[in-house]
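First comes the structure, then the notes that go with it.
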Amino acid sequence: MAERGVLRRMRRRRAQRLARTDQLLRELGWHRPDKTRERTLEAWQARRRLVEEYVADPTERRRLLGIALSHIARHRGWRNPWVSVATLLQWEVPSASLRDDLERIRREFGVELRPGTVGQIGVLLETHRGTRVNPPVGTSRGGARSSAARTEADSLLRGRIRQEDIAWEIRCIGETQRVDPPIIDRVIESVLAQVRPSVPVDRSGKDPLDATQPRAPIAILEFQEFRVRAAVGNLRIRDGGQPRRLTTEERERVCDALLDARGERLSWSDAALLVLNLERETRLVIPEEDQARGLSFPAPWDQTSVTIEEFLADKKKGGLTPTLRAQWPAWDWERRADFVTSLVEPAALSEDSVLLSLPEDEVTFLVDQLKLPRGRAAYSRETLRRLNEALRSGALDVSDAVQRVFGKEPGWKPPLPLLEEPTGHPTVDRNLAELRKFYRSACLRWGPPQRAVVELTRSGELSPRQNKDRERERERRRRANDGVREVLRASGIQNPSEQDVRRVALMKFYDYPCLYCGNRLTWETCELDHIVPRSDGGLSGYGNLAAVCVTCNRAKGRQPFGRWAKGGDASLEGAIARVRALKLQRGARWSNWSELNRYKREIIARLRRQDEDPEEGRGSRGRSSDHRYLVRSRCLTGSAECGTGI
């Protein structure tokens, strides 16, 4: 049923798009002939003729334009709804897949198509349907193709028709027929129009503290500040006896450091040692939800501001938004918050919004290319503002702020969402619809359960392409390890161990300096060391291993590097600088910047540690990537309501 509903919406939107395109063609005088008189080959021939020669007769030209553009609109192929037309027009044309098809056709048919549009290829294949210019072995003398030959011909167009090639063909038609560019731009917008999947604001759920307000997007700056202050409010410091709360001054120092979009992304360990100046990071008691990931895991930060700063710093992307690039540093927090809210919540756009001060082409590019956090918070924007103000004014934590501002009893928590309540994400809402059907069927058969847990596993929700990418990454790492083993065998080590592979991989990745002292390493002088010893809970993963010289390894002994370096035997700053200088390398274990930065943060946190590793017994395999949440649902049996909170 869900698939049928999606299919109906797709058909309805396609019919609406084609109706708008036909209306535009009628306004331009490019009348499409009656459908009963239109033939497929005639449409392909019209598309080819319009890109190859100028049609002098205006009546004939208008007729061919109507046939060709109507045919393109109806056979444009799949359109990615998350890519704007403006972005398509910036991509390279013809696309790589179309160039490959043109080269294959040149070899098979001996024809050089210029300029090489989809319409020209269509005429060629329609003309030679059933025959081949140079029939392969197995084709009958009468011209009918064998099944093998037919399959080969049908596979000439192996690449999917890409939307940038469709837009390019329409532009070629306009240039050849001397049509004004603004008119062609209107036609391209109409032919390639696509509706992005979205959920109306009124269906995004209501604020439990103010039922008149909708839940806010998590990308807004008010929520980014709230998540930081909520986490910091749950921190405790061990001072001999019972852990105490942070003072107001300590909370503000940590919040300012975490909300600084231009600073380094901090872990809880960094917050303890660098911001609170604690002698040991284990004195900091972190929020319960972060304890499974450890002190070296990044603390909450302003994801939206960091994303925008990195976007503007990108020479390619930031260069296409010069106005925002110049104005963003001068904006205060209020103007930035207004800009982000207007960008992610168009319904909140006001006449005096700073977003309207930007050129239209920049706004279009930002909407398409700026990837801000997606999802909905539990509260509205106004509620988040009031809670943040209370937390800044001395409220101890979120519970205390809710009690002060809204008069709720101590320990109040937002009610669990109903299973029927939309989340604001089309894919999740579609999956929840299927879950509701299953839940109701189970209630009708076995009765309502006392409790049920809805569990979302990330790996279980991966697409086939994402699973293939993960398998490809595992294969890449296996080949890299095999290459290291071959090098070790050539050097005389007949049966390289996993430790040998890690030692050589780290040595090559760091470009052969000892991580502790910086002296150059060789295979004979290099040893593998646990930065935090195993006797202190140190793990044996890459995040706690270092390729070091024999001298440093023996001098350090069984003590954490941070404690050893504090005694003046090595430079902590020098070791951290060598880690921060690491770059992506071909064939290395860390294949993208996200993985590399995560590795850097983990290594730096271990280098600073002066006592036992608090992540004892919890390796990467023990960390779950599952998201678990509870929901309440209702199940109707006849006229009576049954069901309990899930």
Side-chain angles (χ1 to χ4, degrees), residues 201-218 220-239 241-252 254-255 258-259 268 284-292 299-300 375-424 432 448-455 627-635 641-646:
V201 176
D202 57 355
R203 293 185 55 201
S204 60
K206 297 298 182 181
D207 182 351
L209 293 173
D210 185 356
T212 64
Q213 298 293 325
R215 295 162 56 199
I218 65 173
I220 65 173
L221 298 190
E222 288 84 354
F223 176 76
Q224 297 297 315
E225 179 183 356
F226 174 77
R227 65 193 290 265
V228 170
R229 293 191 177 278
V232 173
N234 291 327
L235 295 178
R236 301 290 187 272
I237 295 179
R238 293 189 180 97
D239 276 341
Q242 189 72 14
R244 65 169 178 85
R245 293 179 180 272
L246 275 65
T247 65
T248 302
E249 188 270 338
E250 288 173 335
R251 287 203 304 269
E252 287 304 311
V254 176
C255 288
L258 297 180
L259 290 171
W268 287 124
L284 183 68
V285 182
I286 60 178
E288 183 178 354
E289 60 270 18
D290 286 349
Q291 288 179 4
R376 292 275 171 179
Y379 305 112
S380 65
R381 186 187 183 196
E382 181 58 30
T383 295
L384 292 170
R385 279 180 175 271
R386 298 174 67 182
L387 292 177
N388 285 334
E389 180 61 32
L391 291 169
R392 285 193 295 266
S393 302
L396 300 177
D397 52 24
V398 175
S399 178
D400 187 29
V402 171
Q403 185 179 358
R404 292 187 185 187
V405 178
F406 296 96
K408 298 293 184 179
E409 64 278 4
W412 178 91
K413 293 183 179 180
L416 296 175
L418 295 176
L419 197 58
E420 293 86 353
E421 185 175 323
T423 64
L432 286 178
Q450 293 182 353
R451 178 184 175 89
V453 178
V454 180
E455 184 177 44
H627 295 276
R628 302 186 182 189
Y629 55 92
L630 299 179
V631 295
R632 291 162 53 196
S633 180
R634 292 169 297 185
C635 175
E641 183 179 274
C642 73
T644 59
I646 296 184

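Nothing here was measured: the structure is a model prediction, and the numbers come from that model. These numbers come from the heavy atoms of this one structure, side chains and all, not from hydrogens, waters or symmetry mates.
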Evaluation steps, side chain to side chain contact (heavy atoms under 4.5 Å, CB included), between Arg229 and Glu252: CA-CA 9 Å; Arg229 293 191 177 278; Glu252 287 304 311; 2.9 Å; yes
How many angstroms lie between atom [atom1] of [X] and atom [atom2] of [Y], to the nearest 0.5 angstrom?
| X | Y | atom1 | atom2 | answer |
| --- | --- | --- | --- | --- |
| Asn388 | Phe226 | CG | CZ | 7.0 Å |
| Arg381 | Asp210 | CZ | CG | 14.5 Å |
| Ile286 | Arg236 | CD1 | CZ | 13.0 Å |
| Glu222 | Glu389 | CD | CD | 12.5 Å |

Let's go through Glu250 and Leu235 carefully: what are the C-alpha distance in whole Å and the side-chain angles of both, what is the deciding distance for side chain to side chain contact (heavy atoms under 4.5 Å, CB included) to 0.1 Å, and is it a yes or a no? CA-CA 10 Å; Glu250 288 173 335; Leu235 295 178; over 6 Å; no
Could you list all the side chain to side chain donor-acceptor pair (under 3.5 Å) pairs where at least one residue sits in residues 406-418, not counting sequence neighbours? none
State which residues pass side-chain contact (heavy atoms from CB on, under 4.5 Å) with [X]; sequence neighbours excluded, sorted by chain then number.
| X | answer |
| --- | --- |
| Ala401 | Leu387, Ala390, Leu391, Ala395 |
| Arg238 | Pro243, Val285 |
| Leu221 | Asp302, Thr304, Ser305, Trp333, Arg336, Ala337, Val340 |
| Val228 | Val232, Cys255, Leu258, Leu259, Pro300 |

Any residue meeting side chain to side chain donor-acceptor pair (under 3.5 Å) with [X], in chain and number order, not counting sequence neighbours:
| X | result |
| --- | --- |
| Arg245 | Asp397 |
| Ser380 | Asp207, Thr383 |
| Glu382 | none |
| Glu249 | Arg253 |

Indicate the atoms forming the closest heavy-atom contact of Ile220 with Ala216, along with that distance. CD1-CB, 3.5 Å
How close do Arg376 and Arg215 get, heavy atom to heavy atom, and via which atoms? NH1-O, 2.6 Å
Given the ring of Phe406, does Arg386 sit roughly above its face, with NZ or CZ under 6.0 Å from the centre of the six-membered ring and within 45° of the axis? yes
Is it true that a side-chain atom of Gln224 and a backbone atom of Ile218 form a donor plus acceptor pair closer than 3.5 Å? yes
Tell me every residue that passes salt bridge (Lys or Arg N to Asp or Glu O under 4.0 Å) with Asp400, counting only those two or more places apart in sequence or in another chain. Arg404
